[in-house]
Chemist: 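Below you'll find the structure I mean.
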Amino acid sequence: MRCPKCGSRDDKVIDSRQSRDSSSIRRRRECLKCKYRFTTYEEIERSDLRVVKRDRTHEPFDRRKLAASIAKAFEKRSTSLLTLEDTVDEIVHELETSGREVPSSAIGAKVLDKLRGIDEVAYLRYASVYQQFQDVDQFVDAIHTLGHRIKSNALQRELFPSEAPQNPAPGSHNIPTIKKHGRV
């Protein structure tokens with residue numbers, strides 16, 4: 001392994017650890033010449049997985065390209081790198097078990113499905129590129145679609161909470177009131 005600082009090829013491995021899903025090995029290395037420490041990752045090269053693009057061309061699947069596109073969607077968001085790595089790992093695992101050729105549309109759909117549950121802003125950023133939004137109306141439609149789904153996070157407050165029935169005061173008549181919400 002070549003040192004990224006001085007270019008020397010002499011190094012030693014200080015620490016090796018498996019990733020959580022056992023798909024790669026993380027190695028901490030130290031250059032014997034300049035003592036610079038750096039990290040490398042070792043994983044199985046899967047040359048059999050191919051992506052069928054929109055124009056019907058084929059290309060080998062590139063995990064780094066997938067990770068970069070997801071990282072771009074999460075740019076300047078408060079999401080940990082560990083979450084991003086886990087998301088990429090899950091998507092790659094699903095793709096590898098689905099067959100030898102995967103349409104790019106299937107990859108995009110899997111990414112959108114994962115992002116929807118993690119961060120809605122990242123979801124919209126990715127969707128705008130993946131679905132090739134041409135105008136603001138497409139953003140508005142995507143936002144409305146997000147607004148109508150049930151939130152899975154119990155800590156997140158509901159945007160439009162349903163009104164709970166109130167108990168009438170003793171001695172008052174129970175007359176229902178009709179509230180107008182601006183809808184016809």
Side-chain angles (χ1 to χ4, degrees), residues 4 17-28 38-46 49-55 57-164 181-183:
R17 295 184 184 181
Q18 279 189 344
S19 65
R20 275 192 254 157
D21 64 350
S22 300
S23 66
S24 64
I25 297 175
R26 177 184 181 268
R27 298 192 195 280
R28 287 292 292 159
F38 56 99
T39 303
T40 60
Y41 292 91
E42 179 182 320
E43 62 185 17
I44 298 170
E45 184 178 37
R46 292 177 171 84
L49 187 60
R50 301 198 45 87
V51 178
V52 181
K53 301 181 78 172
R54 287 182 181 156
D55 62 357
T57 59
H58 293 68
E59 70 178 38
F61 175 75
D62 187 358
R63 178 190 172 94
R64 289 173 296 194
K65 191 173 177 182
L66 174 66
S69 68
I70 292 174
K72 188 75 173 167
F74 279 99
E75 195 170 279
K76 297 185 182 181
R77 301 291 299 160
S78 61
T79 304
S80 72
L81 288 175
L82 189 60
T83 303
L84 297 181
E85 287 177 22
D86 288 345
T87 303
V88 171
D89 287 342
E90 290 173 15
I91 293 169
V92 168
H93 179 70
E94 289 175 16
L95 293 174
E96 289 172 346
T97 58
S98 66
R100 293 185 63 174
E101 286 189 348
V102 179
S104 61
S105 59
I107 297 171
K110 286 183 187 303
V111 172
L112 285 175
D113 187 47
K114 298 287 184 191
L115 295 186
R116 179 178 281 159
I118 298 170
D119 187 316
E120 292 177 346
V121 173
Y123 168 85
L124 285 172
R125 287 177 176 173
Y126 191 89
S128 69
V129 174
Y130 168 67
Q131 296 173 347
Q132 299 175 340
F133 289 0
Q134 298 297 320
D135 57 23
V136 176
D137 291 336
Q138 290 176 309
F139 273 101
V140 172
D141 291 342
I143 292 169
H144 284 296
T145 301
L146 282 173
H148 292 307
R149 71 180 185 86
I150 298 171
K151 304 283 185 205
S152 60
N153 186 350
L155 298 176
Q156 188 171 354
R157 292 186 0 206
E158 181 133 2
L159 185 58
F160 300 109
S162 58
E163 295 184 35
H181 295 285
R183 295 182 188 156

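In this chain, residues are counted from 1 in sequence order. Computed from heavy atoms alone, side chains included, the values below leave out hydrogens, waters and symmetry copies.
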Chemist: Would you indicate whether the side-chain heavy atoms of Leu95 and Ile107 approach each other to under 4.5 Å?
Modeler: yes

Chemist: Mind checking whether Tyr41 and Ile25 have side chains closer than 4.5 Å, heavy atoms only?
Modeler: no

Chemist: Would you compute the distance between atom CG of Leu84 and atom CG of Asp119 and round it to the nearest 0.5 angstrom?
Modeler: 9.5 Å

Chemist: Roughly how far apart are Ser104 OG and Glu59 CD, rounded to 0.5 Å?
Modeler: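 With rounding to 0.5 Å, OG (Ser104) is 8.5 Å from CD (Glu59).
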
Chemist: Side chains of Lys72 and Arg125, heavy atoms from C-beta outward: is any pair under 4.5 Å?
Modeler: no

Chemist: Hey, is Glu94 close enough to Lys114 for a salt bridge, meaning N to O under 4.0 Å?
Modeler: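 Judged by the 4.0 Å cut-off on N to carboxylate O distance, Glu94 and Lys114 do form a salt bridge.
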
Chemist: Specify the closest pair of heavy atoms between Leu115 and Ala73, including all atoms of both residues, with the distance to one decimal.
Modeler: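 For Leu115 versus Ala73, the nearest heavy atoms are CD1-CB, 4.4 Å.
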
Chemist: First locate atom CD of Glu90, then atom NZ of Lys110, and finally report the distance between them rounded to the nearest 0.5 Å.
Modeler: 11.5 Å

Chemist: What is the distance from atom CZ of Arg26 to atom OG1 of Thr39, rounded to the nearest 0.5 Å?
Modeler: 4.5 Å

Chemist: Given side chains that start at C-beta, do those of Leu66 and Phe61 come closer than 4.5 Å, heavy atoms only?
Modeler: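 Counting from C-beta outward, Leu66 and Phe61 do come under 4.5 Å.
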
Chemist: If you measure from the Lys or Arg side-chain nitrogens to the Asp or Glu carboxylate oxygens, is any gap between Arg63 and Asp89 under 4.0 Å?
Modeler: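 A salt bridge links Arg63 with Asp89.
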
Chemist: In Å, rounded to the nearest 0.5 Å, how long is the span from CZ of Arg50 to OG1 of Thr57?
Modeler: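 Rounded to the nearest 0.5 Å, the CZ-OG1 separation comes to 9.5 Å.
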
Chemist: Kindly compute the distance separating OG (Ser105) from CG (Leu112), expressed to the nearest 0.5 Å.
Modeler: 11.0 Å

Chemist: Output all residues satisfying salt bridge (charged side-chain N to carboxylate O under 4.0 Å, His left out) with Asp113, sequence neighbours left out; order by chain, then residue number.
Modeler: none

Chemist: For side chain to side chain contact (heavy atoms under 4.5 Å, CB included), just list the numbers for His58 and Lys53, CA-CA rounded to whole Å, side-chain angles, deciding distance to a tenth of an Å, and then say yes or no.
Modeler: CA-CA 6 Å; His58 293 68; Lys53 301 181 78 172; over 6 Å; no

Chemist: Ignoring hydrogens and geometry, is there a side-chain-to-backbone donor-acceptor pair from Arg116 to Leu124 under 3.5 Å?
Modeler: no

Chemist: Verify, without hydrogens or angle tests, whether Thr97 (side chain) and His93 (backbone) share a donor-acceptor contact under 3.5 angstrom.
Modeler: yes

Chemist: Salt bridge or not between Asp62 and Arg64? Use side-chain N to carboxylate O under 4.0 Å.
Modeler: yes

Chemist: Looking at Glu120 and Arg77, is any side-chain nitrogen of the basic one under 4.0 Å from a carboxylate oxygen of the acidic one?
Modeler: no

